[in-house]
Protein chains: 2
Amino acid sequence: MTKAHPTIAEVARRAGVSPATVSRVLNGTARVSQEKVRAVLQAVEELGYAPSPLAQGLATGRSYAVGILLSDFASPFFGPILEALTLELEATPYRPIAVPGHWSLVRELEALEFLKAHRVEALVLLGTALDGEALGELGIPVLAFGQRVEGPKAWSLCLDNQKAAYEATRYLMDRGHTRIVHVSSHRGGMDVRERLLGYRKAMREAGLEARVVYGDLEEEGGYRAAAEAFRRYPDTTALFAANDQTAFGARLYLYEQGLRVPEDVSLVGFDDIALSAYQIPPLTTVRQPIQEIGIALGRALRAVLAGEVPTPPRLELTLVERASVREVGA
Amino acid sequence: MTKAHPTIAEVARRAGVSPATVSRVLNGTARVSQEKVRAVLQAVEELGYAPSPLAQGLATGRSYAVGILLSDFASPFFGPILEALTLELEATPYRPIAVPGHWSLVRELEALEFLKAHRVEALVLLGTALDGEALGELGIPVLAFGQRVEGPKAWSLCLDNQKAAYEATRYLMDRGHTRIVHVSSHRGGMDVRERLLGYRKAMREAGLEARVVYGDLEEEGGYRAAAEAFRRYPDTTALFAANDQTAFGARLYLYEQGLRVPEDVSLVGFDDIALSAYQIPPLTTVRQPIQEIGIALGRALRAVLAGEVPTPPRLELTLVERASVREVGA
DNA sequence: ACCCCTCTTGCAAGCGCTTTCAACGGATGC
DNA sequence: GCATCCGTTGAAAGCGCTTGCAAGAGGGGT
């Protein structure tokens, strides 16, 4: 029965050396004779010793922790990004500590305090509502996706949502659709607003009426928004949703109304979350390269922590054509 | 411009008291005169002081951290459980520190080491492959969902998967189905195996042939498993999937084969993840009360940490009837 | 035989906090 | 007026670790 948490002193005693030597062996911070190295390693092994990150952090002033603040663990979009990001961090000495803001600004601020207290060395923001205000005096690098952050140590991974939304709208128009509703949301960050802008631009250029309804970026809101869309614009032939979850909700509404997709109504989403390819019919949507985003964030994090300036990855939003859009009678 | 991280000593100096007094004020561990309290509070405010959890942890020997080991941040099943769990912990002094095992045993063991090193005061296992072996000497309470853990400080939240699977199978049989395939998986824990058992039992009792194929608990595997199912058993009229993601994958296969759900093939899932209600047709599935599970785990955690024995919550697996099953010709 | 270097090692301070213990001041009781 | 007691407070030790510094041990050169 080994003791729960042996200390460096016990290891030292057992190996017949000083704690300093143990530390040096474990961290490789100085030359130590062969025999002592062996003795220390053996003692470590026998005792099942693991240094306390708390004590190490205190002594070195470094935490090797990076904070990841995200909206919600349950999100099918941010969840996978987080997964890819943590995987990417695996091979580094840095450990992610992920905290959800639960879609609430005060919670996000609390979470921020928490991370600050834990002396994270960098911060990653995934779709939070935090802005420069709260982040100003942080003094650590801040990376963000899906929102813009500013400051000397800030770096945002921004894809061109407006362009992608513009193209998605054009895609529908090119297939003969003119009565296109966009399901946007007041929730969410800049990216959602940019999608709305892209949609508006495409409609304006084509001389078409912009028809916008609002959901909450989740299925339920998509359902309600679709209902509203058809109440206000009964002749609608296509729905362009600000994200896939919204599209799923809308899809259900259409199903319940006996409207077929794509025969009666075409549907385009945004994000291409894992399940979109498995919808019936498979959802045509703007693909955000989720895994690549996570990886890019991980790489950027490493670069930033190494004092470098991350090179912006070349990531594109691309429309993936599946089966939820049809050409309307010419 | 405030300093990044003022220490208790600076607060003390500014307030004209000793560090000990600051500590006492902040923790309420002893009586302190009104005026000093005020002075301390003001200094704290002005400096933006926040105690370092590292130092506190070192000094008190407590971390107030609980480890949550889960398979995957991207999981639409465990993600929401984690979300509910962290939300439930919000009001407590305890902070969750969630680490993914990425479906790999070695990673899970690494993650376990990490949590151990961080001196978590309790551990929650969400669908990991860890067993008593690795957990034996931990010395802290271990809670689990979806797997059984043993030991004096262990507590598992287990729902009766076998019974639920039995009933789901019966549900199909009651609607005239006799050629029912179960899509199980070698991946995953005890709960998946119990579902298989429940299915087998129902089939055996009815004198029907057990038809089992295997996926990976994700969509892709469900797709492939469905293909295999129809290759081996072309006359199948119903699919019972070990989880919803598997059902989604199978659903896509059916769609591509021109098999209608539920007209040609009935489909039943397991879990009732958020998106199941939004499938086309809405998926009939065995509901795991995801949110309640998260909450129950949170409560149990609090109980365990308070030295009590958690009362097992009354949680049931219930079949939710939606639209993916039909009655076959009598 | 002596001196100087280099390599290895231990000592001790210090990271930021808590907590025990003792001391202090004033109020009380005689 | 003196002993006593209580409530407040600060000094100091200690949590487990790292690291600058200096000492000791050899080894080689002269």
Side-chain angles (χ1 to χ4, degrees), chain A residues 2-41 43-44 47-65 93 114 116-121, chain B residues 2-41 43-44 47-65 93 95 113-114 116-121:
Chain A
T2 62
K3 191 183 162 223
H5 289 294
T7 73
I8 201 173
E10 300 176 46
V11 174
R13 197 173 326 125
R14 181 162 194 132
V17 299
S18 74
T21 300
V22 175
S23 169
R24 287 190 269 252
V25 168
L26 263 26
N27 299 306
T29 47
R31 296 195 58 87
V32 172
S33 70
Q34 277 296 320
E35 45 173 349
K36 305 226 167 185
V37 168
R38 242 195 317 277
V40 167
L41 260 25
V44 165
L47 259 33
Y49 170 77
S52 155
L54 264 67
Q56 286 188 136
L58 231 207
T60 60
R62 301 209 50 178
S63 66
Y64 289 101
F114 174 72
K116 232 161 92 181
H118 274 268
R119 306 293 189 266
V120 294
E121 300 186 12
Chain B
T2 61
K3 192 183 161 222
H5 288 295
T7 73
I8 201 172
E10 301 176 46
V11 174
R13 194 169 335 121
R14 180 164 196 131
V17 301
S18 73
T21 299
V22 176
S23 170
R24 286 191 271 251
V25 169
L26 262 26
N27 299 305
T29 47
R31 296 196 58 90
V32 173
S33 69
Q34 275 295 318
E35 43 173 348
K36 306 227 165 187
V37 168
R38 241 195 316 277
V40 167
L41 260 26
V44 164
L47 260 32
Y49 170 76
S52 154
L54 264 65
Q56 286 187 137
L58 232 207
T60 60
R62 301 207 52 178
S63 67
Y64 289 103
R95 289 299 143 226
E113 285 309 311
F114 174 74
K116 233 161 93 178
H118 273 269
R119 307 293 189 266
V120 295
E121 300 187 12

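The analysis underlying the following values was restricted to heavy atoms, covering all of them including side chains, and did not include hydrogens, waters or symmetry mates. Numbered from 1 within each chain, the chains take letters A, B, ... in sequence-line order.
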On the nucleotide C:dG10, are OP1 or OP2 found under 4.0 Å from the side-chain N or O atoms that A:S18 carries? yes
Between C:dG16 and B:Q56, is there an OP1 or OP2 to side-chain N/O distance shorter than 4.0 Å? no
Separation of atom [atom1] in [X] from atom [atom2] in [N], rounded to whole Å:
X: B:I8; N: C:dT18; atom1: CD1; atom2: C1'; result: 8 Å
X: B:R13; N: D:dG10; atom1: CZ; atom2: C1'; result: 15 Å
X: B:R119; N: D:dC17; atom1: CZ; atom2: C1'; result: 11 Å
X: B:H5; N: C:dC17; atom1: NE2; atom2: P; result: 11 Å
X: A:L54; N: D:dG16; atom1: CG; atom2: P; result: 11 Å
X: B:K36; N: C:dG25; atom1: NZ; atom2: P; result: 12 Å

Under 4.0 Å between a Lys/Arg side-chain N and an Asp/Glu carboxylate O for B:E113 and B:K116? yes
Looking at the side chain of [X], which of [options] is the nearest nucleotide?
X: B:Y49; options: C:dC17, D:dG16, D:dT9; answer: C:dC17
X: A:R31; options: C:dC17, C:dC7, D:dG16; answer: C:dC7
X: A:T7; options: C:dC15, D:dT8, D:dC17; answer: D:dC17

What is the nucleic acid contact for B:V17, judged by heavy atoms within less than 4.0 Å: base, sugar-phosphate only, or nothing? sugar-phosphate
Could you tell me whether B:V32 contacts a base, only the sugar-phosphate backbone, or nothing, with contacts defined as non-hydrogen atoms closer than 4.0 Å? sugar-phosphate
With sequence neighbours left out, write down each residue that passes side-chain contact (heavy atoms from CB on, under 4.5 Å) with B:T21, or none if nothing qualifies. B:V17, B:S18, B:R24, B:V25, B:V32
For B:V22, which of B:L41, B:V40, B:N27 qualifies under side-chain contact (heavy atoms from CB on, under 4.5 Å)? B:V40
Between the protein and nucleotides 19-21 of chain C, are there any N/O to N/O pairs under 3.5 Å, and if so, what are the atom names and distances?
{"residue": "C:dT20", "atom": "O4", "partner": "B:R24", "partner atom": "NH1", "Å": "3.4"}

What distance separates A:Q56 CD from A:L26 CG, expressed to the nearest 0.5 Å? 8.5 Å
Working to the nearest 0.5 Å, report the span between OG of A:S63 and CG of A:L58. 11.5 Å
With a 4.5 Å heavy-atom cut-off, do B:E10 and B:T7 have their side chains touching? yes
